[in-house]
Amino acid sequence: MNKKWKEALQEVYRAPAPERKAAFLKQHRRRELGRRELIPLQIRYIRWWVWPLSLALSGFILITVTLWAEPAPWYIAALTPFLSLLVITENGRAQLYQMEELELACRMSRQSVILARMAALGLFHLMLFGLLTPLLAVWGAIGAAQAGVYLLTPYLLTAALGMELTRRIRGREGLLACGAMTAAISVSGPLAVNIRPVLSLYRSENLIWWGAALAAAMIAAAAEFALNAKSMEELQWN
């Protein structure tokens, strides 16, 4: 096309200069969400049945310990991994329904969203553990320190391994692997005690080893969360 024609067309279709642009933008400033607002907002997106199921599992632990005081440690350590599985599956919904690209395109970073959901469910479970610990100590014939580590150690171990699996195995297969891993952790303690009763770890003298395992699980969970956040940051494109 002739250069003069191009210039003429550009002149005819030139967009007018915006008027009062700065004043308009000031009236419609984008509202930023703070951390305190993000967690309550993400609670609305957590499926409703996760909360009563967490309460039901906690109640089942307490009832089981109350009825059968002798094998109480088995049930405490065997059931808490399923609480952790609830957190993993809730955060893995985007993978399950193949909606990760949509979450990555949102204004709020996916790391912040996942952290908010984990914080909401994690704090709720910690509150339940805080209520269960003294009750288990009173009715379960075990010390409060023992009850605490029996609750937290398998919970954090499941969370660490679950984040590792979902980071390496994508989609439905990753969540299925997390379910199998949770079941393996759940039955490993009672199975080991039944096979070798003399090697039972559910004794007060072995509390120091449980404490070491709890510290290792906490470090592993923190490291896996950092790795997951880094991998999500690499995928973030908005």
Any donor-acceptor N/O pair, E90 side chain to R47 backbone, under 3.5 Å: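 Side chain of E90 to backbone of R47: a pair is present.
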
Backbone N/O of I185 and side chain of S188: donor-acceptor pair under 3.5 Å: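 Judged by distance alone, yes, a pair lies under 3.5 Å.
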
Is the shortest heavy-atom distance from the side chain of [X] to the side chain of [Y] under 4.5 Å?
{"X": "W51", "Y": "L86", "answer": "no"}
{"X": "I88", "Y": "L165", "answer": "no"}
{"X": "L83", "Y": "S58", "answer": "yes"}
{"X": "T166", "Y": "C178", "answer": "yes"}
{"X": "M181", "Y": "E164", "answer": "no"}

Partners meeting side-chain contact (heavy atoms from CB on, under 4.5 Å) with A116 (sequence neighbours left out):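 In terms of side-chain contact (heavy atoms from CB on, under 4.5 Å), with neighbours along the sequence ignored, A116 is linked to L38, I39, Q42.
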
For A220, all residues meeting side-chain contact (heavy atoms from CB on, under 4.5 Å), sequence neighbours excluded: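 A220 satisfies side-chain contact (heavy atoms from CB on, under 4.5 Å) with A160 only.
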
Looking only at heavy atoms, what is the nearest atom pair of [X] and [Y], with distance?
{"X": "S84", "Y": "A159", "answer": "OG-N, 3.1 Å"}
{"X": "Y45", "Y": "R117", "answer": "CB-NH2, 4.4 Å"}
{"X": "P154", "Y": "T80", "answer": "CG-OG1, 3.0 Å"}

For residues 119-135, which side-chain donor-acceptor pairs fall under 3.5 Å, sequence neighbours excluded?
residue : atom : partner : partner atom : Å
H125    : ND1  : Y155    : OH           : 2.8
H125    : NE2  : S54     : OG           : 3.0
T133    : OG1  : F129    : O            : 2.7

[X] side, atom [atom1]; [Y] side, atom [atom2] - distance, nearest 0.5 Å:
{"X": "L85", "Y": "T158", "atom1": "CG", "atom2": "OG1", "answer": "8.0 Å"}
{"X": "T153", "Y": "I76", "atom1": "OG1", "atom2": "CD1", "answer": "11.5 Å"}
{"X": "L214", "Y": "I219", "atom1": "CG", "atom2": "CD1", "answer": "10.0 Å"}
{"X": "L157", "Y": "L152", "atom1": "CG", "atom2": "CG", "answer": "12.0 Å"}

Derivation and outcome, side-chain contact (heavy atoms from CB on, under 4.5 Å), residues F82 and L53: CA-CA 10 Å; F82 294 100; L53 185 56; over 6 Å; no

Shared hydrophobic cluster, V87 / L176 (ILVMFWY, side-chain heavy atoms < 4.5 Å):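 No.
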
